[in-house]
Amino acid sequence: MNQDRTQDWIQNPFVEDVTSSSGLSDKLTENLIELASDRALELKFQNVTVSQFWLEVKGEYKELSEIAMSALLPFGSTYLCEVSFSAMSLIKTKHRNRLSVQNDLIIAVSDIEPRFDNILAKKQPQVSH
């Protein structure tokens, strides 16, 4: 079985000879060697999860951390897709069957609180005839 071993350094950057098949540029390989030789970081690695480790070293090894996190968390947008679909199924019910749910869906999925005061200030109340 011939597995692709170019990302083994992500799972454990302290394994011997992990840099030989890392597939990284020379600069990033040097950073990986420097990281792998840091005993304090190795002890930290043993006490936290892989994801947590790469988050904690992001300040010192930003590029390596970003590559590792993108490999460890490939499904970030799938979560948003599932949340959006669930919100849409709640919005678009038998009793509320509108053709376009875009604006309602944006409000339902967004983390930003709508500023209702500003929205209502722009609307003119219906005047009597």
Side-chain angles (χ1 to χ4, degrees):
M1 187 171 176
N2 190 10
Q3 284 186 316
D4 181 21
R5 306 190 61 82
T6 59
Q7 294 187 341
D8 285 351
W9 63 271
I10 295 171
Q11 291 299 321
N12 189 350
F14 302 99
V15 174
E16 285 187 37
D17 201 33
V18 74
T19 58
S20 65
S21 61
S22 66
L24 297 171
S25 68
D26 291 340
K27 179 186 175 205
L28 291 177
T29 301
E30 286 178 20
N31 286 345
L32 182 58
I33 292 169
E34 182 181 321
L35 181 145
S37 63
D38 189 330
R39 181 73 177 137
L41 289 178
E42 186 173 3
L43 291 172
K44 182 183 285 191
F45 180 78
Q46 294 171 357
N47 295 320
V48 297
T49 64
V50 176
S51 300
Q52 185 64 37
F53 172 78
W54 287 112
L55 286 173
E56 289 183 12
V57 299
K58 187 173 184 174
E60 194 172 350
Y61 300 100
K62 183 178 180 181
E63 295 90 0
L64 288 174
S65 177
E66 288 175 353
I67 293 169
M69 291 308 294
S70 68
L72 291 170
L73 306 172
F75 302 111
S77 62
T78 302
Y79 168 77
L80 293 176
C81 180
E82 290 176 12
V83 168
S84 300
F85 184 78
S86 296
M88 187 185 75
S89 65
L90 289 173
I91 292 169
K92 199 167 177 103
T93 63
K94 187 189 322 182
H95 302 291
R96 189 171 179 210
N97 191 9
R98 290 177 43 188
L99 188 59
S100 174
V101 295
Q102 181 178 2
N103 293 332
D104 296 332
L105 190 60
I106 290 171
I107 290 172
V109 175
S110 176
D111 290 336
I112 300 170
E113 287 281 326
R115 291 181 272 178
F116 289 111
D117 294 335
N118 291 348
I119 295 169
L120 294 174
K122 293 179 183 176
K123 294 289 182 182
Q124 178 182 356
Q126 184 173 353
V127 294
S128 61
H129 297 303

Only counting residues at least two apart or in another chain, list the ones meeting side chain to side chain contact (heavy atoms under 4.5 Å, CB included) with [X].
{"X": "Arg39", "result": "Glu42, Leu43"}
{"X": "Lys58", "result": "Ser65, Glu66"}
{"X": "Thr49", "result": "Ser51, Gln52"}

Tell me the closest heavy-atom pair linking [X] and [Y], and the distance in Å.
{"X": "Leu24", "Y": "Ile67", "result": "CD2-CD1, 4.2 Å"}
{"X": "Gln11", "Y": "Val50", "result": "O-CG2, 3.8 Å"}
{"X": "Leu41", "Y": "Tyr61", "result": "CD1-CE1, 3.8 Å"}
{"X": "Met69", "Y": "Trp54", "result": "SD-CB, 3.8 Å"}
{"X": "Ala36", "Y": "Pro13", "result": "CB-O, 3.2 Å"}
{"X": "Phe14", "Y": "Leu35", "result": "CE2-O, 3.3 Å"}

Open item on the list: More than 12 heavy atoms of other residues, nucleotides or ligands under 6.0 Å from CD of Glu113: yes or no?
Closed with: no

Task: Within 6.0 angstrom of Asp26 CG, more than 12 heavy atoms from elsewhere - done: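 No, because the 6.0 Å sphere around CG of Asp26 holds 12 heavy atoms or fewer from other groups.
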
TODO: Test Glu82 against Phe85 for side-chain contact (heavy atoms from CB on, under 4.5 Å), laying out the working first.
DONE: CA-CA 5 Å; Glu82 290 176 12; Phe85 184 78; 5.8 Å; no

Task: Interatomic distance, Thr29 atom OG1 to Trp9 atom CH2 [nearest 0.5 angstrom] - done: 9.5 Å

Task: Path from Val48 to Val57 over hydrophobic side-chain contacts below 4.5 Å - done: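 Both belong to a single hydrophobic cluster.
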
